[in-house]
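Counting starts at 1 for both ligands and their atoms, in listed order.
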Amino acid sequence: MKVAKALIDQLETTKVLTKEEWLYLLDHRNESLSQYLFSHSRAAAQSVFGNDVYIRGLIEISNFCKNNCYYCGIRRGNPGVNRYRLSQREILQCCLRGYDLGFRTFVLQGGEDPGFRDEDLANTVRIIKEWFPNVAVTLSVGEKSRDVYQMFREAGADRYLLRHETYLRSHYESLHPNSMSWERRIQCLEDLKSLGYQVGTGFMVGSPHQTNECLAEDLLFIQRFSPQMVGIGPFIPHHQTPFAKEPAGTLDLTLFLLGVLRLMNPRLLLPATTALNTIAPQGRQMGILAGANVIMPNLSPEFACKNYELYDHKKYSGMENAEAIEKIRNDLAKIGYEIKISKGDFK
Ligand code: SAH
């Protein structure tokens, strides 16, 4: 216990650990170590962000996907999905409503949909930036060529989310079919970084076959790559996927990892994700108290949110009215935090 606490102190000072040290920390995780970590990680977040929480409006633009990731509910091989693609008009309507509610970042996320032309998405980004000059646009539409990423960037996209999913190659291959490649995923992240995006990567916690060694590799990769954002959330099985019977990731491990990520980089944009809020009723607040500083409420139309089912039991907590955001405000106020109306760029 003394050694593990000393490693947390060391992480706070030097921001890095070795693989052996990460493994030691993960292997010795327990309740009292977690509480020690959270008191430090929470303070680290507060030293940069005070009691501010940034909000990002998530718009799920399409659930068509050409990929067949074993964990994901909208995989190509799931015939039970009601497929949809939002029109430009529908996306802009989400933005208008979101802007009125105080959102200053819109996250356009979707499956890898060959029917959603890259030029059309670039055009939509251009219009959003024209209509709302003081908002940031984040894209999360998977793997594209460097040229396409460049086109999106030139259209005005500020940020890009592409989780590496897992850094250990053999583990990557156990989560994805052969048509997908670990190298390509990492190359995409390098391309995004070189184009000047604020880049977010990340992984699922407790995905099938994940070991502490996988997690140590993930943390080492994040140390080296130094992204501006990291998205992590528990794996949650979806009943119509090959991983239907696999157990979900745990709240405790997810919170622990949020804590260490915060200590690795106090300025990191670190969301308490929807998946975290799905496995625990107070997941969002617990994430903030472990060091997260971002939440991503859903701005999608109800039919989209309901059919963008990456995992089971995803709740529709839509932002169709001002009440929903008031509820989030109240939940945050109870733990001493407040929503900051701001683009919330990486500093
Ligand atoms: N197509 C885009 C967006 C993917 S969805 C892309 O490739 O980046 C966003 C994230 O949801 C994924 O990166 C994955 O980490 C997560 N996800 C997918 N299925 C999940 C599941 N069953 N449980 C928890 N998270 C999941």
Side-chain angles (χ1 to χ4, degrees), residues 56 58-78 81 85 107-116 118 121 138-144 148-149 152 157 159-167 171-172 175-177 179-182 184-189 191-192 197 199-210 214 218 227 229-251 253-254 257 271-280 283 296 298 300 304-305 307-315:
R56 321 297 200 194
L58 181 65
I59 306 174
E60 296 153 324
I61 61 172
S62 168
N63 69 355
F64 284 92
C65 193
K66 66 177 188 203
N67 292 328
N68 228 356
C69 309
Y70 300 143
Y71 46 83
C72 184
I74 63 168
R75 64 200 303 272
R76 180 186 76 225
N78 181 2
V81 182
R85 180 180 302 127
V107 182
L108 275 47
Q109 188 179 83
E112 290 191 22
D113 175 3
F116 203 126
D118 296 327
L121 183 55
T138 305
L139 293 179
S140 178
V141 291
E143 299 172 11
K144 302 275 177 188
V148 169
Y149 285 149
F152 292 158
R159 308 185 190 133
Y160 204 102
L161 302 176
L162 185 78
R163 293 183 177 183
H164 65 282
E165 308 298 359
T166 178
Y167 195 74
H171 186 223
Y172 187 92
L175 301 179
H176 303 97
S179 51
M180 296 182 71
S181 108
W182 175 93
R184 182 158 152 70
R185 196 84 182 166
I186 302 298
Q187 184 59 51
C188 285
L189 285 165
D191 289 345
L192 289 163
Y197 282 97
V199 181
T201 192
F203 54 89
M204 288 176 290
V205 177
S207 59
H209 317 294
Q210 185 179 66
C214 298
D218 289 326
M229 312 175 271
V230 175
I232 64 164
F235 160 75
I236 305 173
H238 185 288
H239 64 287
Q240 285 156 323
T241 62
F243 289 160
K245 297 277 182 299
E246 299 286 340
T250 65
L251 174 68
L253 181 55
T254 307
L257 289 163
T273 54
T274 313
L276 180 61
N277 213 37
T278 301
I279 56 161
M296 300 173 67
N298 204 307
S300 309
C305 182
N307 292 309
Y308 194 84
E309 213 188 26
L310 307 178
Y311 43 78
D312 287 338
H313 310 303
K314 181 187 164 204
K315 279 174 253 152

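Under 4.0 Å from ligand 1, not a single heavy atom of E143 appears. Only the backbone of P234 comes within 4.0 Å of ligand 1, judged by heavy-atom distances.
Residue G110 has at least one nitrogen or oxygen atom sitting less than 3.5 Å from a nitrogen or oxygen atom of ligand 1, judged on distance alone. Residue-to-ligand polar distances place E165 within reach of ligand 1: an N/O pair is separated by less than 3.5 Å. Here's the thing with R163: one of its N/O atoms is less than 3.5 angstrom from an N/O atom of ligand 1. Geometrically, ligand 1 and I236 share a nitrogen or oxygen pair separated by less than 3.5 Å.
Each of the following atoms of ligand 1 lies closer than 4.0 Å to a heavy atom of L162: 8 (O). Residue C72 has at least one heavy-atom neighbour below 4.0 Å for each of these atoms of ligand 1: 19 (N).
Aromatic rings of Y160 and Y149 (six-membered ring for Trp) have centroids within the 6.0 Å cut-off, being under it.
For the pair R185 and ligand 1, a heavy-atom separation below 4.0 Å is found. Ligand 1 has no atom lying under 4.0 Å from any heavy atom of H238.
Atom CD in E165 sits 10.0 Å away from atom NE2 in H171 (nearest 0.5 Å). Atoms OH and CE, on Y172 and M180 in that order, are 4.0 Å from each other to the nearest 0.5 Å. Taking CG from L310 and OH from Y71, the interatomic distance works out to 9.5 Å, rounded to the nearest 0.5 Å.
Of all protein heavy atoms, the one lying nearest to atom 17 (N) of ligand 1 is M204 SD, 3.9 Å. Looking at atom 11 (O) of ligand 1, its nearest protein heavy atom turns out to be L310 CD1, 3.5 Å. Scanning the protein heavy atoms around atom 9 (C) of ligand 1, the nearest turns out to be Q109 NE2, 3.6 Å. Of all protein heavy atoms, the one closest to atom 19 (N) of ligand 1 is Y71 CD1, 3.4 Å.
Among V148, V141, D113, the single residue meeting the side-chain contact (heavy atoms from CB on, under 4.5 Å) criterion with L121 is V141. The residue from L161, V107, T138 that alone fulfils the side-chain contact (heavy atoms from CB on, under 4.5 Å) condition with R56 is V107.
Side chains of T201 and H164: a donor-acceptor N/O pair is present below 3.5 angstrom, by distance only.
Counting heavy atoms from C-beta on, the side chains of K314 and N298 come closer than 4.5 Å.
Under the 30°/60° scheme for interplanar angles, the aromatic rings of F243 and H209 are found to stand perpendicular.
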